[in-house]
2 protein chains.
Amino acid sequence: MERKTPTIQDVARFANVSTATVSRALSSPEKVSEGTRARVSEAVRVTGYTLNQAGRSLRQRSAKTILVALPDIRNPFFSSILDAIEREAATRGYGVLVLNLYFGHETIRRLQDFLLSNRADGLLLLDGSVDTYLLQTLSSQAGAIPIVVACEEIPNSGFHTVLTDNVDAAERATQHLIDLGHRRIGHLLGPEHNVVSRERFTGFARALAAAGLSPVPEWNFRGNFDMESGFSAAARFLSMTERPTAIFAANDESAIGFLSGLRQHGIICPRDISVVGFDDLGVAPHYVPPLTTMRQPREALGRMAAEALIDVVEDPEALGMPLRIVLRSELVVRESTARMARVDMEGGNRSS
Amino acid sequence: MERKTPTIQDVARFANVSTATVSRALSSPEKVSEGTRARVSEAVRVTGYTLNQAGRSLRQRSAKTILVALPDIRNPFFSSILDAIEREAATRGYGVLVLNLYFGHETIRRLQDFLLSNRADGLLLLDGSVDTYLLQTLSSQAGAIPIVVACEEIPNSGFHTVLTDNVDAAERATQHLIDLGHRRIGHLLGPEHNVVSRERFTGFARALAAAGLSPVPEWNFRGNFDMESGFSAAARFLSMTERPTAIFAANDESAIGFLSGLRQHGIICPRDISVVGFDDLGVAPHYVPPLTTMRQPREALGRMAAEALIDVVEDPEALGMPLRIVLRSELVVRESTARMARVDMEGGNRSS
DNA sequence: CGGCCGCGTGTAATCGATTGCATAACTAAT
DNA sequence: ATTAGTTATGCAATCGATTACACGCGGCCG
């Protein structure tokens, strides 16, 4: 009863072969004769043998594990990407380690440790705001740890990258508002130093410019990708006398917070204001009103990033040049955006 | 340039000591003289040494990693628990492997492999519907893999468990509706074979019974914890002539789907119906109307579960009896529930 | 018939860190 | 001065799997 977990030795003894043969029978069956193979299988069955990954890792210097580092697991946007990554990794026989990214050296050190200690074979980074220098070191050293950056771009880093067309998508989202007749259009921004956030602002500005509209700085509301920041932005919106008739929000969460804040003061979407979001969260179609939003192909993004990373892990030469995949987002029109009704000159809104 | 990652040997050579001393200097510094310790530190710094976890795992038969198995990472309820788990694990120096649980033997085998192959030292299970027999085998064998079940209870399993007071919380949620004067109360169920879902139903029924109300089977709407199922339930609700005036939904997501479905047909909450949800998702305070809901202490749950698991991993005797922690949920009253207005006898609702 | 090839298998080294045991150098006690 | 005890360190075995190399055997070719 007090037996330890069986090792390859036990299997070998039972099948009357050497451990080398057992190993071969299990990982390259074509190298052993049919009879031996059968005896080994049987022995595995009887002894209840399972591989000890630590032993294999040590010898092969690979852990069959990838490390996913992300800024916030709780964010449904990231968690659904993580989900896709896990699925892809699972089908290729890899485990997935997750790491929350906070600020400070502590985190970076942890990240480094995971990679350098052979616990993970590669890094899938879902955040562009990590110390680039350190990462470069990691990936260019002799150890050459494969890195794929997803969601956010680290400019000039030379890392493989999988992302969505943020600038273009933001431009199209804004264009949608313009097409509906809006001329007074504001933007609910993402975090100040966030790459994605900037790209979306760029797209927004570009659409305005293309339509010959001049940007109004007061209509750029500081935000933070979360509901609270959208809620606060609503307060600022309400305090203004010259208000926009439409808002492009950097993501759905802030859009929801914003709408929620407005509604408390009787400003109703889409009657009084049109709002387009970004991400197409699960709740978007069920919000009140259902949200018009840019849908990012989250599953595809996660899957492709994982694919790419594992490809490189298994064959560092696999991808020649640094890979750069850009996935197209799709505008989903629902009810939070509506055609401008009447004259545009009166900026005020009455409460219901 | 073509150097491999430095090993403990390199450090030893540089510091002019044996590998044994280096090992001790790093993991039990008190066993080494001060001078040597300094030389080793210096050597570590110069060589850029980092531990190879595979080597250590092999020798110590522990991976400093826990495995978290959950039914759906995308679900914000689970992802925020996962977040708390990761934080706790990080502070104790453990890595976190995640595993999506699907159905079928494939998944179970994977789970088993992870544990038996020494890739993880313990299992944190966020789902009660896994084959109990298999788990029992895992945890009672000589290997004795520590298991903690969180969120859901596996009755009579003898596993350590951390969960919330589902039955009681559901009873209190329902009681809240009763307190508001509702007498015709329905329930939007969770998945049929789900433990949590059943517990919440039990609490619901208990509250009804305590108030002397007789349950109406047609008012139990089949659901699935997701928005779509809530949305479909709304269709059934609308087709009924005798409708409840209040609904206790098994979770916020289904509550939102339900409300969204009703709203499309002009049934407005809380004017025409009161709804109480469960979980207090991030969107709950910003929904229209803001959702009354039972808030589960998700962070605490994740943290305590991780704590307990790591305690057991590090000292199998740490917890004597199977641990059972029950955390109390808290009713958050917002605007989706309102006092019954007039006579209760006319069940119909008019659209606006 | 001799040499070569290829297949299937075994032997033993190896991956990197930890740790039981041995040893040496001191200190303290008798 | 001898012995016992303590502290710091080294030696070498060990964890479990993989794999380079060697070997034996049978078949085939010249």
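Values reported hereafter were calculated over all heavy atoms of this structure, with side chains retained and with hydrogens, waters and symmetry mates removed.
Look at Thr36(A) and you'll find a side-chain N or O under 4.0 angstrom from OP1 or OP2 of dT9(C). Ser18(B) has no side-chain polar atom (N or O) that falls below the 4.0 Å cut-off from OP1 or OP2 of dT9(D). Phosphate proximity of dG16(C) to Tyr49(B): absent, as no side-chain N or O sits under 4.0 Å from OP1 or OP2. OP1 or OP2 of dT9(C) has at least one side-chain nitrogen or oxygen of Ser33(A) nearer than 4.0 Å. The side chain of Gln53(A) contributes no N or O atom lying less than 4.0 Å from OP1 or OP2 of dG16(D).
Place Ala20(A) and Glu30(A) on DNA chain C by their nearest nucleotides, and Glu30(A) ends up nearer the 5' end. Each of Arg24(B) and Asn52(B) was assigned the nucleotide of DNA chain C with the nearest heavy atom; the assignment lying further toward the 5' end belongs to Asn52(B).
With contacts defined as side-chain heavy-atom distances shorter than 4.5 Å, the pair Cys151(A)/Leu163(A) does not qualify.
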message: Let's go through Glu86(B) and Arg110(A) carefully: what are the C-alpha distance in whole Å and the side-chain angles of both, what is the deciding distance for salt bridge (charged side-chain N to carboxylate O under 4.0 Å, His left out) to 0.1 Å, and is it a yes or a no?
response: CA-CA 13 Å; Glu86(B) 198 278 335; Arg110(A) 258 172 68 73; 3.3 Å; yes
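One atom, CG of Leu51(B), and another, C1' of dG16(C), lie 9 Å apart when rounded to the nearest Å. Atom pair Arg13(B):CZ and dG16(C):C1' shows a separation of 13 Å (rounding to whole Å applied). What separates CG of Leu26(A) from P of dT18(D) is a distance of 8 Å, to the nearest Å.
Listed nucleotides dT18(D), dT11(C), dT19(C) differ in distance to Gln60(B); the shortest reach to its side chain belongs to dT19(C). In this structure, the nucleotide among dT9(C), dT14(D), dA13(C) sitting nearest to the side chain of Arg59(B) is dT14(D). The nucleotide whose nearest atom lies closest to any side-chain atom of Val32(B) is, among dT9(D), dT18(C), dT9(C), dT9(D). In this structure, the nucleotide among dG10(C), dT18(D), dG10(D) sitting nearest to the side chain of Thr19(A) is dT18(D). For Thr7(B), the side-chain atoms get nearest to dA17(C) when compared with the rest of dG10(C), dT9(D), dA17(C). Closest to the Arg61(B) side chain, of the nucleotides dT19(D), dG16(D), dG10(D), is dG16(D). Listed nucleotides dT18(C), dG16(C), dG10(C) differ in distance to Leu58(A); the shortest reach to its side chain belongs to dG16(C).
Taking the charged nitrogens against the carboxylate oxygens, Arg92(B) and Glu307(B) have no contact shorter than 4.0 Å, which rules out a salt bridge. The residues Glu299(B) and Arg303(B) are annotated as not salt-bridged, no charged nitrogen and carboxylate oxygen being separated by less than 4.0 angstrom. Salt bridge present: Asp83(B) and Arg87(B) bring a charged side-chain N and a carboxylate O closer than 4.0 Å. In summary, Arg45(B) and Glu42(B) engage in a salt bridge, as defined by a charged side-chain N under 4.0 Å from a carboxylate O.
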Each nucleotide N or O in nucleotides 23-28 of chain C that has a protein N or O under 3.5 Å away: list the pair and distance.
none

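Between Leu101(B) atom CG and Leu70(B) atom CG the span is 7.5 Å, to the nearest 0.5 Å.
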